[in-house]
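Every chain is numbered from 1, with letters handed out A, B, ... down the list of sequences. Values below: every heavy atom of this structure, side chains too, minus hydrogens, waters and symmetry copies.
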There are 2 protein chains.
Amino acid sequence: MDNIIEIAKRAKESSRVIANLSSKVKDNALKEMSRALIEASEPILSANEKDMKDGERKGLSRAMLDRLKLNPSRIRGMSDSLVSISELKDPVGEVLGMRKRPNGLRIGKVRVPIGVILVIYESRPNVTSDVIGLTLKSGNSVILRGGSEALNSNIAIHRVLSETAEREGIPGNSINMIVTKDKKTVSLLLGLNQYIDLCIPRGGEELIKKVSDESKIPVIKHYKGVCHTYVDEDADLNMAEKIAFNAKVQRPGVCNAMETLLVHKDAAIRFLPSMLKKLRDAGVEIRGCPVTRNIIKDIKPATEEDWYTEYLDLILSVKVVEDIDEAIRHIRVYGSMHSDAIVTDNYERAMKFLDEVDSACVYVNASTRFTDGFEFGMGSEIGISTDKFHARGPMGLEELTSYKYIIFGNGQIRE
Amino acid sequence: MDNIIEIAKRAKESSRVIANLSSKVKDNALKEMSRALIEASEPILSANEKDMKDGERKGLSRAMLDRLKLNPSRIRGMSDSLVSISELKDPVGEVLGMRKRPNGLRIGKVRVPIGVILVIYESRPNVTSDVIGLTLKSGNSVILRGGSEALNSNIAIHRVLSETAEREGIPGNSINMIVTKDKKTVSLLLGLNQYIDLCIPRGGEELIKKVSDESKIPVIKHYKGVCHTYVDEDADLNMAEKIAFNAKVQRPGVCNAMETLLVHKDAAIRFLPSMLKKLRDAGVEIRGCPVTRNIIKDIKPATEEDWYTEYLDLILSVKVVEDIDEAIRHIRVYGSMHSDAIVTDNYERAMKFLDEVDSACVYVNASTRFTDGFEFGMGSEIGISTDKFHARGPMGLEELTSYKYIIFGNGQIRE
């Protein structure tokens, strides 16, 4: 446990060095790390094989095993991602504003790294290299705490990346991984607010709740996505069908997939029969409100619990609403403020939806599946914040920074 | 206690209404509130008299009684401040950026209110009206929890402002004050993260520590200011003397006042005798490092504890350092990352200090006393954040907002 405190302390010391590294040093290191990752494919794959065998023995689900699995093409993806990050604009030092005050003081606002970032995550080993790349580029030290099921893979990835980084001039203690499986480690880390500046938990609801409740460090939650698509009475129903189908079916296991379809009562009879047939043909289980079940007889009722549920699966709850106000109210009560869409050709209601739905990403006439750092043009993302604090929605490099004021005077004193 | 939960719940509901009010309605309300405050001078002053008498009976210090005291001119100041806030630009709805993606999606980033803000503060009753004004203008609901010593004054101020606001169309439950003296109330409030979005504690170290440790709500700390002025070997010593004197003496009881003076060893003999004489003539008690005490014999030694201390008083610790690196290290170890200044005519060291001192406000050749929302041109401030998170340094209206993404599509789905 002393070891953990020592790691955090040294990460803090290193953070002061990495904060002031030039873009050139950081970008070179990222490119070398990208190359080294490919070269280390063999030890990484064999470590991953061990994790896969352990996982099979422990009876992990197929979905979890699939997320855990590495192959040469996935390693190539991780490697490419490091190059992409090296090509993004360095956020550190960006001048966010500068004003001259009547007394002659020049007050500038500049972007600075946050310091030490703790990332707690589950299964997918590619998160390890993405997080290392993004925190390095944004001038932060990082402490990684991955899921125990991916421990061998993560250790192998971390080893090659941190060793390469150090060879390329990145301070040695800025890329850290906690390798013990002891669960008390997380609690210990969450109390080290003198060394760690920010915690980003990525994973299931339970993990995020535990971290938020326990942490003395500020936390940016990557909470669940109970995303809605509301089909208005003036929707282009053809467009609505495509958008809703995409939002549910294209990749049901992710946080920006639709979980609940809301339909205006005047569109329900025209829209639902064909929409629900298409979804059911694609293997989607429908759970409906009473009105929905009046229109399509053979579907299960949606319970109160359903409206709150992030299925992450081919299941959809469907509700017919009186009007846009009921839709907005429903989203407010049951949603998770992640991503919600309206499909409509009515200008006023489109604007109303944008104003009154207080989610990180609010869409008109598009699939909620676009909530993603790449799709938003940020180049990469460390996750999607469901907080209203510091960072909201997709978090890229800028969201991994803070700012400070720099003030240039020539002898000003306050009267 | 049920009552507290009910207040928080209704504040949340109201926050959705106040979030979408027009600037006109908010600004009119602020102007009417400004007028009403003057008209209610009599009940406010008599409530304040009661607090003053209670305070004297309880043996509050002169300084605390002075902060508690209201008079017609202080009420005028509070009233004027509400007008100033009404004249500031409305931050809500500001478009922070808009980009068109290759697939035709238009992705905008717009400022939105945070929601419900809990402000926990001590003594000064003018904080009550400032906070009400700033949270209203930024479209947030507020829950105020003032110090028990100012309870009657706060109730009187809150009553007139909330009643006037409601008459002018501000939703009734958006301006709330907790009036019980029960200390358990704060713990209860800090657990209501389903209703309250942000907590800002303003007050002594102990209060802020208690709130940060206990809160399930995100907290922006307004922590202590252990501010330094470093006099470099190439400083204009005349300027350095003026700046250091101003930073220590002009208003010693505030967080941006200097607590420690650092002096380069090559400047010490030329600088310290006259500087310290001037400070002592102004009533400042000096506590020095061994080198300082070699130069000026009759001063007290500074203990390890002194370097960490926010005196908020006419006391100053003085240390002679080897070079700028030692100065920066000292600030890092003992400072509070609030405001720190270098006085120098050397360009390179000025830049080094700006880069390497990781404080909210870093000054070259000016007094740290300028760290203030008004002085920074923000119009007003709700406080000064010592966090690196969400808001840093002086917090004005913008820092009381979050953002959301609004996405305009015409049928885009993800491939």
Side-chain angles (χ1 to χ4, degrees), chain A residues 16 19-20 99 101 105 107 112 114-115 193 197-198 212-213 216 218-219 236 239 242-243 245-247 250-251 332 341 350 354-356 358-367 369-371 375-377 387-390 392-394 402-415, chain B residues 16 19-20 99 101 105 107 112 114-115 193 197-198 212-213 216 218-219 236 239 242-243 245-247 250-251 332 341 350 354-356 358-367 369-371 375-377 387-390 392-394 402-415:
Chain A
R16 283 145 193 157
N20 285 299
R99 59 181 100 179
R101 300 290 301 152
L105 278 183
I107 300 180
V112 297
I114 287 174
N193 54 349
D197 298 284
L198 169 64
S212 319
D213 281 355
K216 293 196 178 180
V219 174
D236 170 338
M239 182 194 285
K242 280 188 192 140
I243 287 173
F245 188 83
N246 182 260
Q250 193 245 356
R251 202 169 166 205
R332 189 171 285 164
L354 289 175
D355 280 347
E356 295 185 16
D358 186 22
S359 300
C361 304
V362 192
Y363 291 82
V364 178
N365 295 343
S367 166
R369 285 280 295 111
F370 285 106
T371 297
E375 296 293 335
F376 272 32
D387 271 331
K388 290 187 80 169
F389 220 63
H390 184 80
R392 200 173 188 202
S402 176
Y403 57 85
K404 71 178 174 190
Y405 290 97
I406 54 174
I407 300 105
F408 301 85
N410 51 0
Q412 282 82 351
I413 59 172
R414 193 151 164 198
E415 307 298 339
Chain B
R16 283 145 192 156
N20 284 300
R99 58 182 98 182
R101 300 290 301 151
L105 278 184
I107 301 180
V112 297
I114 288 175
N193 55 348
D197 299 283
L198 168 62
S212 320
D213 283 356
K216 293 197 177 178
V219 174
D236 170 338
M239 183 195 284
K242 279 188 195 140
I243 287 174
F245 187 82
N246 183 259
Q250 193 246 354
R251 201 169 166 204
R332 189 172 284 164
L354 288 176
D355 279 346
E356 296 186 14
D358 185 23
S359 300
C361 305
V362 192
Y363 291 82
V364 178
N365 295 344
S367 165
R369 286 279 296 110
F370 286 106
T371 298
E375 296 294 334
F376 273 32
D387 272 331
K388 291 187 81 171
F389 219 63
H390 184 80
R392 201 174 188 202
S402 176
Y403 57 85
K404 71 178 175 189
Y405 289 97
I406 54 174
I407 301 105
F408 301 85
N410 50 359
Q412 282 83 352
I413 59 171
R414 194 151 164 197
E415 307 298 339

*Just jot down the ring-ring contact (aromatic ring centres under 6.0 Å, His included) partners of B/F245, sequence neighbours excluded, or say none.*
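Here no residue qualifies.
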
Contact winner vs chain A - [options], heavy-atom pairs under 4.5 Å:
{"options": "B/D387, B/D197, B/I243", "result": "B/I243"}
{"options": "B/Q412, B/R414, B/K404", "result": "B/R414"}
{"options": "B/A350, B/G377, B/S367, B/P218", "result": "B/G377"}
{"options": "B/D355, B/V219, B/T371, B/D358", "result": "B/D355"}
{"options": "B/E356, B/Q250, B/M239, B/R251", "result": "B/Q250"}

*chain B contacts, top residue of A/N410, A/N20, A/V362, A/V364 (heavy-atom pairs, under 4.5 Å)*: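 Max contact count across the listed options: A/V362.
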
*Can you tell which of A/K242, A/E415, A/E375 has the highest number of heavy-atom pairs within less than 4.5 Å of chain B?*
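Of the candidates given, the most pairs with chain B belong to A/E375.
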
What part of [X] is in contact with chain A, defined as an atom under 4.5 angstrom from a non-hydrogen atom: side chain, backbone, both or neither?
{"X": "B/R392", "result": "both"}
{"X": "B/I406", "result": "both"}
{"X": "B/R369", "result": "both"}

*B/R332: partners by salt bridge (charged side-chain N to carboxylate O under 4.0 Å, His left out), with sequence neighbours left out*: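 For B/R332 there are no salt bridge (charged side-chain N to carboxylate O under 4.0 Å, His left out) partners, ignoring immediate neighbours.
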
*Give, as side chain, backbone, both or neither, the part of A/I107 having an atom under 4.5 angstrom from any heavy atom of chain B.*
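The side chain, not the backbone.
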
*Should B/F370 and A/I407 count as side-chain neighbours, where that means a heavy-atom distance under 4.5 Å?*
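No. Closest side-chain heavy atoms not under 4.5 Å.
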
*State, to 0.1 Å, how close B/K388 and A/S402 come at their nearest heavy-atom pair, and which atoms those are.*
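Heavy-atom minimum between the residues: O-OG, 2.8 Å.
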
*Of all the heavy-atom pairs spanning A/G409 and B/A366, show the shortest one and how long it is.*
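Scanning both residues, the minimum pair turns out to be CA-CB, 4.3 Å.
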
*How many angstroms lie between atom CZ of B/F389 and atom CD1 of A/I114, to the nearest 0.5 angstrom?*
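Between atom CZ of B/F389 and atom CD1 of A/I114 there are 5.5 Å.
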
